Student: 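First, the structure itself, so that you have it in front of you.
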Number of protein chains: 2
Amino acid sequence: MTDNILVVDDEQRIIDLARMYLEQDGFRVTSATNGNAAKNMILRDKPSLVVLDLMLPGMDGLEVCRRVREESDVPIIMLTARSEDIDKIVGLELGADDYLTKPFNPRELLARIRAILRRADRGNAQDQAPPPITIANLLIDPQRRRVEIDGRPVDLRMKEFDLLQALAQNKGVVFSRDKLLNVVWGYDFAGQTRTVDVHVAHLRHKLNGMAPTIETVWGVGYRLDDR
Amino acid sequence: MTDNILVVDDEQRIIDLARMYLEQDGFRVTSATNGNAAKNMILRDKPSLVVLDLMLPGMDGLEVCRRVREESDVPIIMLTARSEDIDKIVGLELGADDYLTKPFNPRELLARIRAILRRADRGNAQDQAPPPITIANLLIDPQRRRVEIDGRPVDLRMKEFDLLQALAQNKGVVFSRDKLLNVVWGYDFAGQTRTVDVHVAHLRHKLNGMAPTIETVWGVGYRLDDR
DNA sequence: TCACAATGTAAAGTTTCTGTAAAGCCCAGC
DNA sequence: GCTGGGCTTTACAGAAACTTTACATTGTGA
């Protein structure tokens with residue numbers, strides 16, 4: 001049973017961003033752009049979790065949260081533009097389950113959603129992390145953050161692991177450097193695209209016995225070989 | 001397809017500074033020194049991103065931002081002289097994508113511009129990759145950027161692939177060389193139309209077992225055979 | 001058939017992109 | 001503070017692709 005996440009924000013950009021990450025992680029996503037619609041959707045559709053922006057046209061996030069709490073204990077993650085606002089929310093004790101300031105890292109949003117759903121409990125240990133991936137003689141275990149080639153462990157650093165995982169989860173698909181920066185580094189990373197190249201070089205060096213290799217698609221990006 | 005950045009500031013010094021850094025990084029730069037001109041240029045020229053000073057003669061930055069947002073979701077980076085103003089901007093939630101205080105570090109401006117442009121479109125472009133196309137014994141997979149004839153992979157270079165994809169997506173339709181330059185090379189390509197011919201020649205050579213061939217429509221252009 | 005324009009194509013010239021080593025930077029742990 | 005490890009930036013060389021050029025070939029209309 002896939003979880004349904006309701007994302008409420010008046011900026012379509014934020015909704016699109018969240019949707020991209022959440023759907024890639026196997027969630028269904030619905031959205032609303034104002035407080036009234038949000039409140040109605042929460043009570044009618046009973047999503048598994050709500051991501052709720054504080055500033056909304058019409059009924060604001062605080063008000064939505066208060067009203068919803070009268071009838072439902074759906075987990076709520078509040079988004080705020082300024083970190084100081086968090087104090088306000090917390091002070092009001094209106095029952096949000098977690099808070100994030102914009103601009104937020106989508107990977108962090110994902111992590112908190114998973115944490116809360118896990119806490120809310122449905123016994124599924126497996127929605128914490130994707131299942132292990134095996135490609136030829138390569139094994140990637142996201143939960144343990146372990147990689148093996150022919151059963152021999154390979155010592156990867158954080159970015160190397162994330163990069164490999166991203167490529168392996170979409171074996172054969174070409175990722176542009178920009179795409180990889182978005183997926184692995186987060187949408188607010190402000191560095192150069194060449195950073196990706198350096199990590200790919202490290203990976204290739206450490207994985208030189210790997211059956212599928214990381215191919216360069218000239219002028220486009222990288223992919224984990226399919227064949 | 002280089003991005004065009006509009007820099008709006010009443011200080012020519014700031015514009016020159018930004019222009020120097022941005023152009024060195026491969027961006028095209030246009031500029032305006034007052035709010036009205038800025039608003040008109042944004043709506044008319046549709047720049048990829050706007051750097052907008054808060055304090056402007058005539059219509060100020062906040063007002064420009066608000067007006068523009070009614071018709072466009074172009075990414076906007078606001079510049080302010082004092083850090084306290086940032087709270088004001090953020091509090092107003094008028095849809096700026098990022099903020100910088102003057103005096104700003106030009107390299108940081110560059111980094112934020114790159115980050116925003118990256119999340120704005122490049123990243124999503126991959127998600128919207130069209131589905132694989134099959135024409136007779138030819139298979140084109142845009143997501144993997146792979147081409148097969150009778151199941152045998154064909155090694156194409158970037159432009160060759162893009163060209164084939166463009167023709168295949170409109171099988172039977174005649175493309176003029178100019179049209180192909182627009183679609184494949186981008187509207188700002190400054191080269192000769194004969195460039196297309198050369199790539200078509202390469203393609204024909206690599207795809208010589210392909211059932212539908214690339215036909216020359218004499219005096220008009222090329223098309224991928226329908227029958 | 002001839003003249004002329006359009007197209008095919010090989011090869012040279014040019015540009016862009018990538019691999020990689022090394023330096024710089026930042027932060028957690030001591 | 002210092003130190004070490006990991007991450008990012010930078011610089012440069014080499015590789016690969018792209019564009020231009022020049023000449024050959026083909027198609028068109030008189």
Side-chain angles (χ1 to χ4, degrees), chain A residues 105 107 145 147 154-164 166-167 174-178 180-186 188-208 213-223, chain B residues 1-2 21 24-27 105-112 114-115 118 122 145 147 154-164 166-167 174-186 188-208 213-223:
Chain A
N105 181 337
R107 299 176 68 77
R145 292 187 72 84
V147 171
V154 181
D155 179 45
L156 296 186
R157 310 196 277 216
M158 179 174 62
K159 288 285 189 265
E160 290 163 2
F161 184 92
D162 291 345
L163 193 53
L164 180 62
L167 290 169
V174 180
F175 284 76
S176 68
R177 291 170 176 72
D178 283 336
L180 287 170
L181 286 178
N182 277 325
V183 172
V184 174
W185 275 260
D188 58 348
F189 176 74
Q192 314 273 119
T193 56
R194 293 306 304 279
T195 300
V196 176
D197 299 38
V198 175
H199 288 276
V200 167
H202 293 161
L203 258 179
R204 282 173 171 160
H205 189 253
K206 291 187 180 182
L207 302 177
N208 69 345
T213 54
I214 298 177
E215 291 185 337
T216 300
V217 181
W218 217 91
V220 183
Y222 297 103
R223 84 175 139 216
Chain B
M1 225 169 309
T2 61
Y21 276 82
Q24 173 153 7
D25 211 55
F27 294 105
N105 177 343
R107 305 179 68 75
E108 176 158 12
L109 175 63
L110 207 51
R112 302 216 179 178
R114 280 196 300 252
R118 171 155 45 76
R122 324 283 161 73
R145 291 188 74 87
V147 171
V154 181
D155 181 45
L156 296 186
R157 308 198 277 212
M158 179 171 57
K159 286 283 189 280
E160 291 163 3
F161 184 94
D162 292 344
L163 193 53
L164 179 62
L167 291 168
V174 182
F175 284 77
S176 69
R177 290 171 176 72
D178 282 330
K179 177 76 174 172
L180 285 170
L181 285 178
N182 271 318
V183 172
V184 174
W185 276 259
D188 58 348
F189 177 74
Q192 317 275 111
T193 57
R194 294 305 306 281
T195 300
V196 176
D197 300 36
V198 175
H199 288 277
V200 168
H202 293 162
L203 256 180
R204 283 172 170 159
H205 188 252
K206 291 187 179 181
L207 301 177
N208 69 345
T213 55
I214 298 176
E215 292 183 335
T216 302
V217 181
W218 219 85
V220 184
Y222 298 102
R223 85 173 142 215

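Model, not experiment: these values are computed from the prediction. Chain letters run A, B, ... following the sequence lines, proteins first and then strands; every chain starts at 1.
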Student: B/L167 pairs by side chain to side chain contact (heavy atoms under 4.5 Å, CB included) with which of B/V183, B/V184, B/V200, B/L180?
Tutor: B/L180
Student: Taking salt bridge (Lys or Arg N to Asp or Glu O under 4.0 Å) as the definition, give me every residue that meets it alongside B/D178, ordered by chain and number, with sequence neighbours left out.
Tutor: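 For B/D178, no residue satisfies salt bridge (Lys or Arg N to Asp or Glu O under 4.0 Å) once neighbours in sequence are set aside.
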Student: Report the distance from atom CG of B/D197 to atom P of D/dC18, rounded to the nearest whole Å.
Tutor: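 So the CG-P distance, B/D197 to D/dC18, works out to 16 Å.
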Student: Using the salt bridge (Lys or Arg N to Asp or Glu O under 4.0 Å) criterion, which residues pair with B/D162? Sequence neighbours excluded.
Tutor: B/R145
Student: Whole Å only: how far is the CD atom of A/E215 from the P atom of C/dG19?
Tutor: 12 Å
Student: Can you tell if the side chain of A/V217 reaches within under 4.5 Å of the side chain of A/Y222, non-hydrogen atoms only?
Tutor: no
Student: Classify the angle between the aromatic ring planes of A/H199 and A/H202 as parallel (below 30°), tilted (30 to 60°) or perpendicular (above 60°).
Tutor: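 Rings of A/H199 and A/H202: perpendicular, over 60°.
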Student: Return the value, rounded to whole Å, for the distance between atom NE2 of A/H205 and atom C1' of C/dG19.
Tutor: 13 Å
Student: Is any side-chain heavy atom of B/I214 closer than 4.5 Å to one of B/L163?
Tutor: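 The answer is no, as the side chains (C-beta and beyond) never meet within the 4.5 Å cut-off.
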Student: For a 4.5 angstrom cut-off between non-hydrogen side-chain atoms, does A/T195 reach A/W185?
Tutor: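 When only atoms from C-beta onward are counted, A/W185 and A/T195 do touch, with a gap below 4.5 Å.
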Student: What pairs with A/R157 under salt bridge (Lys or Arg N to Asp or Glu O under 4.0 Å), at least two apart in sequence or on another chain?
Tutor: A/E160
Student: Please encode protein proximity along nucleotides 4-11 of chain D as a string of B, S and -, counting only heavy-atom distances under 4.0 Å.
Tutor: --SSBBS-
Student: Could I get a table of every N or O pair under 3.5 Å where one atom is in the protein and the other is in nucleotides 28-30 of chain C?
Tutor:
none

Student: Calculate the interatomic distance between B/L203 atom CG and D/dA17 atom C1'; express it in whole Å.
Tutor: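 Spelled out: CG on B/L203 to C1' on D/dA17 is 14 Å.
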Student: With axes from five pairs an end, tell me the bend angle of the helix from C/dT1-D/dA30 to C/dC30-D/dG1, nearest 10°.
Tutor: 40°
